[in-house]
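Right, one structure below, let's go through it.
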Amino acid sequence: MKPFVLLATRAEDVPADEEYALFLRYTGLDERDLIRVRLEAGPMPEFDLDELSGIFVGGGPFNASDPLEKKTPVQQRVEAEFQALLARVVTRDLPFLGACYGVGTVGAFLGATIDRTYGEPISVVPVTLTDAGREDPLLAGFPDPFDAFVGHKEAISHLPAAATLLASSPNCPVQMFRVGRNVYATQFHPELDVDGITTRIHAYASHGYFAAHELELTLAAVRRAAVSHPARMLRTFVERYARD
């Protein structure tokens, strides 16, 4: 099988390693078939797209809506690399699934309006499918609504006509969209389970997602409902797009 790639941007080793482990677990791939590239550590390789089955993008610390002067040189490099990659991916309609930061990368490429209007605290939210979402093969068999883990400072407030809206939540109108037939982005985290999000809550406690005194409240918020359905789309993505 031609491998998949996970493009990651987390600089902290513990959540970065756990993110990779979660993608391995829920895709069903092994390390040989899911190549991790830590973009915060160095430039993005020049991928031969003919030799890949597809691309995943994990979450991360970068906000596309931050003013240029607040973006580090690393963030500016990563954003430029994603623009170049997505120009190739979208043209070919190569299988691509970006989780959380996928909205920032694909959204920015499309010229979507990304701002802080619809940020969501770290929590579990009900995600409702659109008519297109109910018909999308990646979401086949999903309940409507389904619960998902979220936690983001920015979101898309206007989605261009080039994209198809697949899912929304009460406080965030763009939770998932598709470009063409095979390029997907989610605002929620399909790779997370409760242990994974607990690790991230502790790792990013000082990153402005919640106040210091809200740690226990935030931990309680992600345990209030069982979240199991979103991870299924990772296995479905692999089953749908893996190729020899």
Side-chain angles (χ1 to χ4, degrees), residues 1-62 74 77-78 81-82 84-106 136-141 148-149 176 178-186 188-200 203 227-244:
M1 182 182 73
K2 293 182 178 180
F4 291 82
V5 169
L6 172 63
L7 299 176
T9 58
R10 301 183 188 279
E12 301 80 12
D13 287 339
V14 171
D17 290 344
E18 185 164 60
E19 178 179 70
Y20 184 44
L22 288 164
F23 269 95
L24 289 171
R25 180 185 308 162
Y26 291 118
T27 60
L29 297 169
D30 59 30
E31 293 183 9
R32 177 190 60 192
D33 294 323
L34 182 60
I35 300 167
R36 176 171 61 158
V37 178
R38 293 185 63 172
L39 297 175
E40 90 291 345
M44 184 185 295
E46 181 67 26
F47 294 112
D48 181 350
L49 300 185
D50 289 330
E51 296 303 316
L52 298 180
S53 285
I55 296 172
F56 293 101
V57 176
F62 301 146
V74 171
R77 169 181 58 79
V78 170
E81 290 169 340
F82 267 114
L85 175 66
L86 285 165
R88 300 167 62 208
V89 165
V90 171
T91 297
R92 293 175 57 125
D93 204 16
L94 183 87
F96 181 100
L97 175 56
C100 195
Y101 189 45
V103 165
T105 55
V106 182
D136 192 275
L138 212 59
L139 296 163
F149 292 116
M176 183 175 181
R178 187 187 71 236
V179 183
R181 296 180 62 188
N182 303 316
V183 176
Y184 293 88
T186 69
F188 60 87
H189 285 274
E191 83 284 4
L192 278 180
D193 55 24
V194 70
D195 290 336
I197 198 166
T198 298
T199 295
R200 291 188 195 173
V227 175
S228 59
H229 296 289
R232 286 168 41 196
M233 73 174 59
L234 300 182
R235 180 66 69 98
T236 301
F237 186 87
V238 168
E239 292 173 348
R240 180 172 171 80
Y241 294 118
R243 61 195 181 103
D244 295 328

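What you are looking at is a predicted structure, and each value in this text was computed from that prediction instead of being measured. Worth knowing before you read on, the calculation uses all heavy atoms, side chains too, and leaves out hydrogens, waters and symmetry mates.
Taking 4.5 Å as the limit, every side-chain heavy atom of F62 sits out of range of all side-chain heavy atoms of F82. For the pair I197 and H189, the minimum side-chain heavy-atom distance is 4.5 Å or more. Side-chain contact between M1 and L29: present, with at least one pair of heavy atoms (C-beta onward) separated by less than 4.5 Å. Put simply, the side chain of D193 reaches to within 4.5 Å of the side chain of Y26, judged on heavy atoms. Contact check for V238 versus L34: no side-chain heavy atoms found under the 4.5 Å cut-off. The shortest side-chain heavy-atom distance between E40 and V78 does not fall under the 4.5 Å cut-off. At least one side-chain heavy atom of L192 sits under 4.5 Å from a side-chain heavy atom of L22. Inter-residue side-chain proximity for L94 and N182 is flagged as unmet; no heavy-atom pair is nearer than 4.5 Å.
Proximity of a side-chain donor or acceptor of R235 to a complementary backbone N or O of T27 within less than 3.5 Å is detected. At least one donor-acceptor pair under 3.5 Å links the side chain of S53 to the backbone N or O of K2. A donor-acceptor pair under 3.5 Å is formed between the side chain of E19 and the backbone N or O of G59. The closest donor-acceptor contact from the side chain of R232 to the backbone of L234 lies at 3.5 Å or more, if one exists at all.
Rounded to the nearest 0.5 angstrom, I55 CD1 and L6 CG are separated by 10.5 Å. Rounding to the nearest 0.5 Å gives a distance of 6.0 Å between CG of L39 and CD of E81. We find the CG-CG distance between D30 and D33 to be 4.5 Å, quoted to the nearest 0.5 Å. Here the CG-CZ distance, from D50 to R92, works out to 4.5 Å after rounding to the nearest 0.5 Å.
Here the closest heavy-atom approach between residue M233 and residue L139 is recorded as CE-CD2, 3.5 Å. The two atoms that bring G60 and T9 nearest to each other are CA-OG1, 3.4 Å, heavy atoms only. When all heavy atoms are compared, the tightest approach of V57 to G102 is CG1-N, 4.4 Å. Closest heavy-atom contact between T198 and V194: OG1-O, 2.7 Å. Looking at every heavy atom in both residues, P230 comes nearest to F188 through CB-CE1, 4.1 Å. Among all heavy-atom pairs drawn from P137 and T236, the shortest one is O-CG2, 3.8 Å.
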Requested in this report: Go through R200 and E18 one step at a time and tell me if the salt bridge (Lys or Arg N to Asp or Glu O under 4.0 Å) criterion holds.
Outcome: CA-CA 9 Å; R200 291 188 195 173; E18 185 164 60; 6.0 Å; no

Report task. Give the C-alpha distance, both sets of side-chain angles, the deciding distance and a yes or no for salt bridge (Lys or Arg N to Asp or Glu O under 4.0 Å) between E12 and R10. Result -> CA-CA 6 Å; E12 301 80 12; R10 301 183 188 279; 5.9 Å; no

Query - Derivation of the side chain to side chain contact (heavy atoms under 4.5 Å, CB included) call for L7 and F47 - result: CA-CA 12 Å; L7 299 176; F47 294 112; 3.8 Å; yes

Query raised in the report: What's the verdict on side chain to side chain contact (heavy atoms under 4.5 Å, CB included) for R178 and L138, showing C-alpha distance, side-chain angles and the deciding distance?
Result: CA-CA 10 Å; R178 187 187 71 236; L138 212 59; over 6 Å; no

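A salt bridge is defined here as a Lys NZ or Arg NE, NH1 or NH2 lying under 4.0 Å from an Asp or Glu carboxylate O, and D17 with R36 meets this definition. Under a 4.0 Å N-O distance rule, the pair D13/R38 qualifies as a salt bridge.
Results of the ring-ring contact (aromatic ring centres under 6.0 Å, His included) test with F56 over Y20, F96, Y184, F237 single out F237 as the only residue that passes.
Around atom CZ of R181, no more than 12 heavy atoms belonging to other residues, nucleotides or ligands sit under 6.0 Å away. The local environment of CZ in R243 is crowded, with over 12 non-hydrogen atoms from other residues, nucleotides or ligands closer than 6.0 Å.
Not less than 6.0 angstrom separates the ring centroid of F4 from the ring centroid of F23.
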